[in-house]
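Order of the sequence lines fixes the chain letters, A, B, ..., with proteins taken first and strands second; residue numbering starts at 1 for each chain. Heavy-atom basis, side chains included; hydrogens, waters and symmetry copies ignored.
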Amino acid sequence: MLELKGLHLKEGDFELRADLSLRASGRYAVIGPSGAGKSTLLDAIAGFRPLLSGTVSWNGQAFTDLTPAERPLAMLFQDNNLFPHLTVDRNLALALRPDGGRIGAEGREKIVQALADVGLAGMGGRKPAQLSGGQQSRAALARVVLQERPVMLLDEPFSALGPALKVEMLDLLAKVADRLQALVLIVTHDPNDARRFAPETVLVSDGIAHAPQPTGPLLDNPPPALAQYLGGA
Amino acid sequence: MARRAFAVIAGALVALLTFGPVVAVSLRAGGVGGFAPGDWGAIRFTLTQAVISAGLSVLFAIPVARALARRRFVGRGALVALLGAPFILPVIVAVLGLIAVFGNNGIFNGLLRALGLPSMTIYGLHGVIIAHVFFNLPLATRMLLQGWLAIPSERFRLSAGLGLRPWAAFKVLEWPMLLRVAPGAFAVIFVICLSSFAVALTLGGGPKATTVELAIYQAMRFDFDLARAASLSLVQLVLAVVAGVAALALARGDGFGSGLDRVVTRFDTGRIGLALDSLWIMLAALFLLTPLALVAWNGLAGLPMLSASVWQSAGHSMSVALGSTLLCILWALPLATRRGELIGLLGIALSPLVLGTGLFLILRPYINPLSVALPVTAVINALVSLPFALRILRPEAEAIRQDHARLSAALGLTPWAWVRFVYLPRLRRPLGFAAGLTAALSMGDLGVIALFADPDRAPLPLHVYQLMGRYQMEAAQGAALLLLMLSLGLFWLFDRGGRVNA
């Protein structure tokens, strides 16, 4: 279980508070108006932003003092998920060996498997620029798969993809998460993504990340701040 | 936080190596009373030649830059690129070329004699100024060209639409830009000319044409008057720091930038304007290219007769150049940050001669400074090149950190893996360029080495100078051509290395 207790961060005028817990291997969307702090919430959990107070813990173990890499989570960013000058294989090898050391036969086997999982079998020798946008997202997902963390944080990772491709990637994400039994927290600005992928949704608005609520009812009957953001939807 | 530790160590070393010599010089200085009568003259000459050199460079750069900004012609790109070349051109090579043009038996005097006019001499104030303009006209032109290209083309369109006469358009559009850019260009060139040593050494000298830097050298080498050398170093230091701060305040663009291959489309140039533009471009190209062509031409004859000692000198120069390149890059990698760039500027504020004098004073109680001439030269050359290297590396280094820091943190890359797999590979292009510049600068350096020179281990530029001193002009020209090829070759190799497969 991922628990945020008394979480409080502040940057200039911006403030965000969170008190909530998320089930292991659950799937959650994070939704809310622009600038409400959706990305900030993920950054705080991942350790990219200092907290004013509060703790973040996994199965009762607080990891607030750990570096991003030491936390039990893997994160997909909006961009820069792969080093552009390294081949996909090399990128994935760094996920297995962050010290840059050689990976053995077992590691190579894992990389081949991860690439096959995301539908990129045989493309490990290419550099990111030689892949299409969708393939780059798949390669980034393979990286997260290899990290094998119990929590996956995704910050609008597929927002640059077209609608059909995005649906495909969300299904792939669901498949991968199921296999790893991972908790997934995905930021999205598209209510359809949330409905499709996440049974429950964390609403971020008015400086608060609210406890998760069932996605359907929340979107059917949105509170005023969310209703305004969603517009006619 | 290992990254931080390296930056602190590198920064501390730079500070130590710059402030140490300054302290040594200050302690040893004999006060104003220590000056020889000629030293006041040296100060006056230094300021005079710097004002005239900077003034003429900027003055001539105005029509040349204007012509380049609005003319499209075959070879324009090559000419603009050539304007960057004097930066890595060994001073001694340029001086030999200028002597071939303006010297007693040069083309120019031949022309004057043919016309029945009195001949001119390249030695003294004239020569120093000609050489400084040769080196700095290109820099001034690049800075002004940047200013011209920064004027939005819509403005020119508007002025054409209003039907402004050329003179009115100049006053409205170009004059304000010149007022903004020219003082900075003047100040930067003034600072460069202020600490001119090699030019003064080769073309100046004598009581009427000695710069402060040259006086330091003479006090050290000929009179072995360390107190006087130290006093003069302090004078030089004050001059350079005052002028440097002024230049920093005045200077905007740095003439280093790219994107100069654009041409401003103008609507206000008539036939006379076209002729004048062509004339200026031709004159500038002639002035810059003739000396180089003559060095190459005259050197070819000398190349086959190069003595073993010339090759040995070339070897020394190569090892100094490669050593200082390695050192400069090792320094620059951790210092490629905003704060680091400020620390790196220390190296440019101090002239190599002042640094050399200070290091000489520090080392003398322990060892014979002449025995470490080459390592000391390598260190000082690295220090002097550091600001340029940082200027080149910092933007890219910051972009790399910005783009990839989060992913690296998410993966938990070790500092070593970060440097090996992310920082260095991403930085390759600017790294190659910076290394090329450093290597070429160091290869052609004739500054601090003259101070420490050990006749048996003279690097190539000093060797050329010694050959000139013995009037062995053929040999000097051959060695100069070798020096030119090695400098440009090193630059090309490093720069190319950064581009291939990048």
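In this structure, A:Ile111 and A:Arg143 have side chains that are not in contact, with every pair of non-hydrogen atoms separated by 4.5 Å or more. Residues A:Leu183 and A:Met152 are not in side-chain contact: their nearest non-hydrogen atoms beyond the backbone lie 4.5 Å or more apart. Between B:Glu341 and B:Arg391 the shortest side-chain heavy-atom distance falls below 4.5 Å. Using a 4.5 Å heavy-atom threshold, the side chains of B:Phe87 and B:Phe491 count as separate.
Applying the salt bridge (charged side-chain N to carboxylate O under 4.0 Å, His left out) rule to pairs touching residues 108-122 of chain A yields A:Asp117-A:Arg179, sequence neighbours excluded.
Looking at A:Arg90, only its side chain comes within 4.5 Å of chain B, counting heavy atoms on both sides. The contact between A:Leu82 and chain B is made entirely by backbone atoms, counting heavy-atom distances below 4.5 Å. When heavy atoms are compared at a cutoff of 4.5 Å, B:Arg406 approaches chain A by way of both its backbone and its side chain. For a residue to count as touching a neighbouring chain, one of its non-hydrogen atoms must lie under 4.5 Å from one of that chain's; by this rule A:Asp99 touches chain B with backbone and side chain alike.
Heavy-atom proximity under 4.5 angstrom to chain B picks out A:Asp43 from residues 36-47 of chain A.
Test B:Ile329, B:Leu431, B:Leu322 against B:Phe494 for side chain to side chain contact (heavy atoms under 4.5 Å, CB included) and you get one pass: B:Leu322.
For the set A:Met75, A:Arg71, A:Glu70, A:Gln147, the entry with the most heavy-atom pairs within less than 4.5 Å of chain B is A:Gln147. Ranked by non-hydrogen atom pairs under 4.5 Å with chain B, the options A:Gly101, A:Ala74, A:Ala69 are led by A:Ala69. When A:Leu86, A:Asp79, A:Leu94 are compared by the number of non-hydrogen pairs under 4.5 Å with chain B, A:Leu94 comes out ahead.
At least one cation-pi condition fails for B:Arg426 and A:Phe83: the charged atom is not both under 6.0 angstrom from the six-membered ring centre and inside a 45 degree cone around its axis.
The existence of a salt bridge linking B:Arg429 and B:Asp495 is excluded, since no basic side-chain nitrogen approaches an acidic carboxylate oxygen closer than 4.0 Å.
Interatomic distance, A:Leu16 CG to A:Leu7 CG, rounded to the nearest 0.5 Å: 6.5 Å.
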